[in-house]
Amino acid sequence: MNMVLKSIALFLIFSGFAVSAAGLVNVGTAGRAEAATAKTYLILPFNVEGNKQNAYLGKSLPAVFNSGLNCPGVAGRLDSYENFNKNPASGEADARKIQKSSGADYVVWGSIIFIGDECSLVVNVTDKDGKNTPMSRSSNMGRLSNDVLSVCSSIKAEVFGCPGASAGRGSGAADGVYAVPSAAQSAQQQAPAGRRSPAGINPSIRMEGGSSSDETRLRSQQLPYAARGMEVCDADGDGLKEIFIIDKFNLYAYRFENGRLAPLASTRVNLNLENLTIRSFDVNGDGTRQLLISSIDSEQYPRSRVYSFNGKELKLEMSNIRYFLNVLRDQNGVEMLIGQPADKYDMFRVNAITHMVKKGNTLEPGEALRLPKEINLYSFAYLPAGRAMDMDTKIISVSKLEKLKVWTLGNSLLHTGSEDYAGSPVYMEINPNTKGMGDEGISIKQMYYIPIRMLPVDLNQDGDWEIVTNYAVTLVGQIFKRYRNFYQSEIHGLYYDGTGMNVQWRTRAIQGGTVDVAITDFDNNGTLDLVVCINIGNEFTDRKSQVIGYVLDLSQVDERAGEGDFVRGR
């Protein structure tokens with residue numbers, strides 16, 4: 001694995017939906033004038049064969065197709081998508097039947113066939129004239145998401161005729177798929193032998209460079225509350241990312257404009273509940289994302305809620321969901337919504353992490369995940385397989401003592417680290433009764449700090465993945481359990497070298513405690529950013545929040561920047 005971070009600009013292709021005169025939806029605000037002439041596509045769930053544990057991919061991958069096939073002014077998702085995407089097509093005749101009944105110009109359907117960890121992705125595009133265009137890719141658990149985007153690029157070039165689309169080469173990625181386009185690889189291959197170029201690394205991810213006035217680090221104004229979580233996504237379907245932040249009781253919506261967070265909406269979640277985390281997911285399967293807020297009541301039991309955002313107001317869609325909720329990526333890089341109930345004797349019910357599915361107006365548990373017993377839904381991430389033969393997909397977890405652990409997919413422990421990672425100021429107060437003693441047994445109050453999310457990334461698409469998370473520095477948190485304030489923090493990129501997790505890169509010290517982290521285009525300028533939400537101040541003064549964005553547009557290759565400019569360990 002390379003020992004430096006070599007990130008290159010990733011142009012994300014996301015757009016909102018505009019209703020055409022014919023009642024169909026065209027993707028992209030720039031294409032609204034052409035909505036009446038745009039083609040429409042419908043994506044059906046995929047058949048999954050050969051591995052029942054991956055059955056959920058059948059309904060998860062269409063969300064990646066939805067983003068990858070977006071071609072403003074040329075092709076857009078069918079408005080009545082949710083009415084026709086219940087079941088996979090049984091064959092070409094069935095796909096034609098669905099195409100006619102839906103009125104879509106194209107129907108995308110197919111299957112994923114697994115043989116061990118390898119798989120074949122078979123995709124068909126059936127148009128309204130009855131022509132069927134088949135495409136396929138040989139893939140595996142580690143690169144399936146990127147291969148889907150490659151197929152999308154081919155469809156846009158060969159079937160839709162999208163300007164600028166290139167067959168077989170991904171021109172963008174679905175939200176949260178952290179890999180750069182193939183052009184980045186060719187640029188890296190031109191670097192001198194024996195040394196891969198840092199390609200203009202962001203100076204804020206060195207121990208030198210950068211200044212208070214440079215444009216590589218974007219900072220919002222200070223917000224008059226202490227944040228507990230942040231989510232960056234396009235929730236109203238207009239093609240622009242919004243920034244959602246929660247404090248103890250409230251939910252706020254912003255858009256980053258002219259160097260400031262412009263307020264869009266806010267709502268009080270519930271004064272009887274304390275907010276813990278915020279995530280986003282396409283709960284309805286219609287191409288737009290909803291906001292999922294996990295909260296706890298006075299007994300420390302979960303009372304999660306789901307909100308939608310229409311650009312002007314936040315609307316409560318679901319409430320009183322008795323599960324903690326989280327969104328992360330599976331071994332293939334595909335998003336999944338998971339949940340876990342609380343337990344009378346512990347914070348989280350053991351061995352009860354499941355996929356969550358929408359049923360009526362609530363979310364209910366589906367297929368269970370096979371994970372080590374000590375893991376909860378917030379304390380782990382999948383690290384996809386690297387290029388080396390022994391680099392199988394791993395499970396990375398954070399222990400209650402905030403030490404990183406590395407596991408095989410078979411739940412065998414490989415390594416336990418010595419450094420503290422994913423430290424958070426957001427806690428749950430647990431009061432576990434001694435088992436076997438009943439409710440009146442001995443009770444010891446403890447604090448559990450919910451880990452900051454760990455993001456699997458392959459920023460330079462070299463086939464090796466890293467985990468991006470927070471490294472917190474605290475002066476008083478180790479003394480007073482009920483008071484933990486981080487005065488400084490860093491964001492680290494960590495890789496597994498076969499023996500343990502090592503620092504590949506890290507940011508310079510951030511003057512504040514990290515609350516949440518994301519990798520996305522938060523300022524809507526077409527390039528990828530490392531986004532960090534921090535809290536400033538301490539518990540005895542008015543605490544404030546701020547959002548910092550580190551620009552990851554590294555299009556200028558600088559051969560003079562050697563590996564000595566980067567910190568590779570502590």
Side-chain angles (χ1 to χ4, degrees), residues 1-7 53-54 56-57 60 64 116-119 139-147 173-174 176-180 326-336 338 353 369-372 374-399 402-422 451-471 491-506 517-519 530 568-569:
M1 174 174 288
N2 301 312
M3 299 302 296
V4 296
L5 176 65
K6 305 174 289 293
S7 305
Q53 291 184 346
N54 294 326
Y56 68 95
L57 288 172
S60 298
V64 183
D117 287 339
E118 302 295 318
C119 66
S139 188
N140 60 38
M141 298 290 284
R143 67 170 193 269
L144 182 59
S145 186
N146 282 338
D147 286 336
V177 180
Y178 314 122
V180 300
N326 194 17
V327 176
L328 48 77
R329 298 195 170 272
D330 65 7
Q331 304 96 307
N332 306 301
V334 178
E335 275 191 329
M336 59 180 179
I338 60 175
I353 303 175
L369 276 67
R370 185 171 178 265
L371 295 164
E374 67 182 62
I375 286 179
N376 67 62
L377 79 166
Y378 293 123
S379 68
F380 80 102
Y382 289 104
L383 180 64
R387 293 175 297 175
M389 292 184 65
D390 62 340
M391 287 296 289
D392 299 325
T393 298
K394 301 294 189 298
I395 299 170
I396 309 299
S397 72
V398 181
S399 71
E402 297 180 347
K403 309 299 182 185
L404 289 184
K405 292 186 174 184
V406 183
W407 309 76
T408 68
L409 289 180
N411 297 342
S412 295
L413 181 62
L414 298 175
H415 171 76
T416 300
S418 59
E419 298 282 356
D420 294 355
Y421 276 103
I452 286 176
R453 67 182 100 195
M454 298 180 289
L455 304 176
V457 301
D458 181 10
L459 289 174
N460 61 329
Q461 203 180 10
D462 64 352
D464 290 324
W465 290 73
E466 304 88 44
I467 289 289
V468 173
T469 192
N470 176 56
Y471 179 86
I491 305 301
H492 286 193
L494 303 159
Y495 72 97
Y496 181 66
D497 66 356
T499 58
M501 300 296 291
N502 289 284
V503 179
Q504 186 184 57
W505 58 267
R506 72 174 188 249
V517 62
I519 297 180
L530 169 63
R568 301 188 297 197

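Count residues from 1 along the sequence.
- Between V503 and Y495, the closest side-chain pair of non-hydrogen atoms is not below 4.5 Å.
- Without hydrogens or angle criteria, K403 side chain to T416 main chain gives no donor-acceptor distance under 3.5 Å.
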Inset, instruction - Quick one: do V398 and Y421 satisfy side-chain contact (heavy atoms from CB on, under 4.5 Å)? Show the steps, please. - result: CA-CA 7 Å; V398 181; Y421 276 103; 5.5 Å; no

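- Between V517 and N470 there is no side-chain heavy-atom pair separated by less than 4.5 Å.
- Aromatic ring pairs are classed by plane angle as parallel below 30°, tilted from 30° to 60° and perpendicular above 60°; the pair H492 and Y471 is parallel.
- If you take CD on Q504 and CG on D497, they are separated by 11.5 Å, rounding to the nearest 0.5 Å.
- Taken from CG in L404 to CD in E419, the straight-line distance is 9.5 Å, to the nearest 0.5 Å.
- Across all their heavy atoms, N326 and L377 have their closest contact at ND2-O, 2.8 Å.
- For S397, the side chain to side chain donor-acceptor pair (under 3.5 Å) partners are W407, not counting sequence neighbours.
- What you find for P384 and P456 is that their closest heavy atoms are CD-CB, 4.0 Å.
- By the side chain to side chain contact (heavy atoms under 4.5 Å, CB included) test, L414 is found to be paired with K394, V406, T408, Y496, residues two or more places apart in sequence or in another chain being considered.
- With contacts defined as side-chain heavy-atom distances shorter than 4.5 Å, the pair M454/Y382 does not qualify.
- Take S412 and apply the side chain to side chain donor-acceptor pair (under 3.5 Å) test, not counting sequence neighbours, and it matches no residue.
- Atoms CD1 and CZ, from I467 and R453 in turn, are 13.0 Å apart once rounded to the nearest 0.5 Å.
- At least one side-chain heavy atom of L494 sits less than 4.5 Å from a side-chain heavy atom of T469.
- Atom CD1 of residue I353 and atom OG of residue S379 lie 6.5 Å apart, to the nearest 0.5 angstrom.
- Listed here is the closest heavy atom pair of A518 and L455: CA-CD1, 3.8 Å.
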Legend entry - Stepwise side-chain contact (heavy atoms from CB on, under 4.5 Å) check, L383 with I395: CA-CA 6 Å; L383 180 64; I395 299 170; over 6 Å; no

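- Between L328 and E335, every side-chain heavy-atom pair lies at or beyond the 4.5 Å cut-off.
- In this structure, the side chain to side chain donor-acceptor pair (under 3.5 Å) partners of Y378, at least two apart in sequence or on a different chain, are T277, S294.
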Inset, instruction - Kindly determine whether I519 and V468 satisfy side-chain contact (heavy atoms from CB on, under 4.5 Å), including the steps that lead there. - result: CA-CA 9 Å; I519 297 180; V468 173; 4.2 Å; yes

Legend entry - Check against side-chain contact (heavy atoms from CB on, under 4.5 Å), I491 and L530: CA-CA 9 Å; I491 305 301; L530 169 63; 4.2 Å; yes

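- To the nearest 0.5 Å, atom CD of residue E466 and atom CE of residue M501 are 9.0 Å apart.
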